[in-house]
J.: 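Submitted below is the structure of interest, expressed as structure tokens.
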Amino acid sequence: QLQLVESGGGLVQPGGSLRLSCTASGLTFGYYAIGWFRQAPGKEREGVSCISSKGATTNYADSVKGRFTISRDNAKNTVYLHMNSLKPEDTGIYYCAAEMDLWPVCGTIGVDVFGSWGQGTQVTISS
């Protein structure tokens with residue numbers, strides 16, 4: 001059974017950094033693209049970043065380009081989201097999601113593209 005577990009969220013002051021982790025089990029990790037999404041209170045879930053199965057392709061939402069970096073360690077079944085220069089508008093629940101990388105899954109970071117989801121980790125940016 002495929003399972004995704006997010007960790008690393010917390011409360012950080014504006015301008016600070018966090019590293020989120022998404023650890024997977026129950027799948028051949030190296031076959032899957034992984035996406036990061038977030039949902040702020042009262043807003044729809046939005047795509048933040050995506051990394052292809054072998055790490056060759058990455059994609060970012062315009063709002064996080066230059067501040068966030070996605071990476072993966074297939075030996076550890078883990079994808080990381082390094083978040084720097086955090087802003088209050090980055091606040092939300094962050095989810096990771098997996099989808100078999102049979103086509104350019106990371107092209108649009110679409111919520112509807114990904115079939116398997118984690119439970120999320122809360123990120124709060126506040127002074």
Side-chain angles (χ1 to χ4, degrees):
Q1 181 179 354
L2 192 158
Q3 186 175 15
L4 301 169
V5 179
E6 303 93 338
S7 61
L11 171 63
V12 176
Q13 291 187 342
S17 299
L18 279 174
R19 187 185 76 167
L20 304 183
S21 298
C22 171
T23 302
S25 60
L27 76 169
T28 304
F29 190 67
Y31 290 170
Y32 283 77
I34 303 295
W36 280 100
F37 299 81
R38 67 187 180 190
Q39 188 165 19
K43 294 188 177 181
E44 293 186 353
R45 193 172 298 187
E46 63 175 354
V48 174
S49 185
C50 185
I51 188 165
S52 61
S53 57
K54 301 299 186 288
T57 300
T58 59
N59 197 7
Y60 299 91
D62 287 344
S63 59
V64 306
K65 281 181 181 177
R67 300 189 297 123
F68 290 12
T69 302
I70 192 169
S71 62
R72 67 189 294 156
D73 185 339
N74 283 358
K76 295 182 178 180
N77 281 16
T78 300
V79 167
Y80 305 99
L81 186 67
H82 305 259
M83 307 188 296
N84 298 318
S85 302
L86 285 162
K87 305 175 181 180
E89 51 264 43
D90 294 318
T91 294
I93 301 174
Y94 281 68
Y95 301 88
C96 66
E99 182 64 26
M100 286 198 73
D101 204 2
L102 300 176
W103 55 286
V105 173
C106 289
T108 60
I109 326 178
V111 172
D112 294 342
V113 169
F114 290 82
S116 300
W117 292 80
Q119 294 301 306
T121 185
Q122 177 70 45
V123 171
T124 303
I125 313 303
S126 175
S127 55

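Being a predicted model, the structure only gives us computed values, none of them experimental.
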J.: Could you tell me whether the side chain of Phe68 reaches within less than 4.5 Å of the side chain of Leu20, counting heavy atoms only?
T.: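 The answer is no, as the side chains (C-beta and beyond) never meet within the 4.5 Å cut-off.
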J.: Does one hydrophobic cluster hold both Leu18 and Tyr80, with members joined at side-chain heavy-atom distances below 4.5 Å?
T.: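 No, because Leu18 and Tyr80 fall into different hydrophobic clusters, even though each may have its own neighbours under 4.5 Å.
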J.: Do Glu6 and Trp36 have side chains that approach each other closer than 4.5 Å (heavy atoms only, starting at C-beta)?
T.: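 In short, these two side chains touch, coming nearer than 4.5 Å.
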J.: Could you tell me whether Arg38 and Asp90 have a side-chain N and a carboxylate O separated by less than 4.0 Å?
T.: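 Result for this pair is yes, salt bridge flagged.
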J.: Please check this pair: side chain of Asn59 against backbone of Gly107, looking for a donor-acceptor N/O pair closer than 3.5 Å.
T.: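 Here the side-chain-to-backbone pair exists.
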J.: Atom CZ in Phe29, atom SG in Cys22: separation rounded to 0.5 Å?
T.: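 Taking CZ in Phe29 and SG in Cys22, the distance rounds to 6.5 Å.
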J.: Do Ser116 and Tyr32 come close enough that some side-chain heavy atom pair is under 4.5 Å?
T.: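 Ser116 does not reach Tyr32 side chain to side chain.
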J.: Rounded to the nearest 0.5 Å, how far does CD of Gln119 lie from OG of Ser7?
T.: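 Output value for this atom pair is 13.5 Å.
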J.: Which atom pair, heavy atoms only, marks the closest approach of Gly47 to Ala61?
T.: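 Closest approach of Gly47 to Ala61: O-CB, 3.5 Å.
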J.: Could you measure the distance from the OG atom of Ser21 to the CG atom of Asp73? Nearest 0.5 Å is fine.
T.: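 Taking OG in Ser21 and CG in Asp73, the distance rounds to 10.5 Å.
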J.: Under a single-linkage definition using a 4.5 Å side-chain heavy-atom cutoff for Ile, Leu, Val, Met, Phe, Trp and Tyr, are Val5 and Phe114 assigned to the same hydrophobic cluster?
T.: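 As far as the 4.5 Å side-chain criterion goes, Phe114 and Val5 are not connected within one cluster.
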J.: Could you grab the distance from atom NZ of Lys54 to atom CG of Asn74, nearest 0.5 Å is fine?
T.: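 If I round to the nearest 0.5 Å, the distance is 7.0 Å.
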J.: Could you tell me if the side chain of Tyr60 sits less than 4.5 Å from the side chain of Thr69, heavy atoms only?
T.: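 Yes. Closest side-chain heavy atoms under 4.5 Å.
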J.: Count the heavy atoms of every other residue, nucleotide or ligand shown that sit under 6.0 Å from NZ of Lys76, and state whether that count exceeds 12.
T.: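 For Lys76, atom NZ is not crowded (no more than 12 foreign heavy atoms under 6.0 Å).
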J.: Drop me the distance from Thr91's OG1 to Gln122's CD, to the nearest 0.5 angstrom.
T.: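 It is 7.5 Å, given to the nearest 0.5 Å.
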J.: Determine all donor-acceptor pairs shorter than 3.5 Å in which one atom belongs to a side chain in residues 81-89; sequence neighbours excluded.
T.:
residue : atom : partner : partner atom : Å
His82   : NE2  : Ser71   : OG           : 3.4
Asn84   : OD1  : Ser17   : OG           : 2.9

J.: Hey, any chance Met100 and Leu27 share a hydrophobic cluster, counting ILVMFWY side chains that come within less than 4.5 Å of each other, even indirectly?
T.: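 As far as the 4.5 Å side-chain criterion goes, Leu27 and Met100 are connected within one cluster.
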J.: Quick check against the 3.5 Å criterion: does Gln13 have a side-chain atom that pairs as donor or acceptor with the backbone of Ser127?
T.: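 Looks like no, no N/O pair under 3.5 Å.
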J.: Say you draw a straight line from OG of Ser52 to CZ of Arg72; how long is it, rounded to the nearest 0.5 Å?
T.: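 Here the rounded value is 7.0 Å.
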J.: Treat each ILVMFWY residue as a node, draw an edge where side-chain heavy atoms are under 4.5 Å apart, and state whether Val64 and Val79 are in one component.
T.: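 The answer is yes; both residues are in one hydrophobic cluster.
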J.: Taking the ring centre of each residue, are Trp117 and Phe37 less than 6.0 Å apart?
T.: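 Close enough - the centres of the two rings lie under 6.0 Å apart.
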J.: Kindly indicate whether the side chain of Asn77, heavy atoms from C-beta on, has any atom under 4.5 Å from the side chain of Ser25.
T.: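 Of all side-chain heavy-atom pairs linking Ser25 with Asn77, none is under 4.5 Å.
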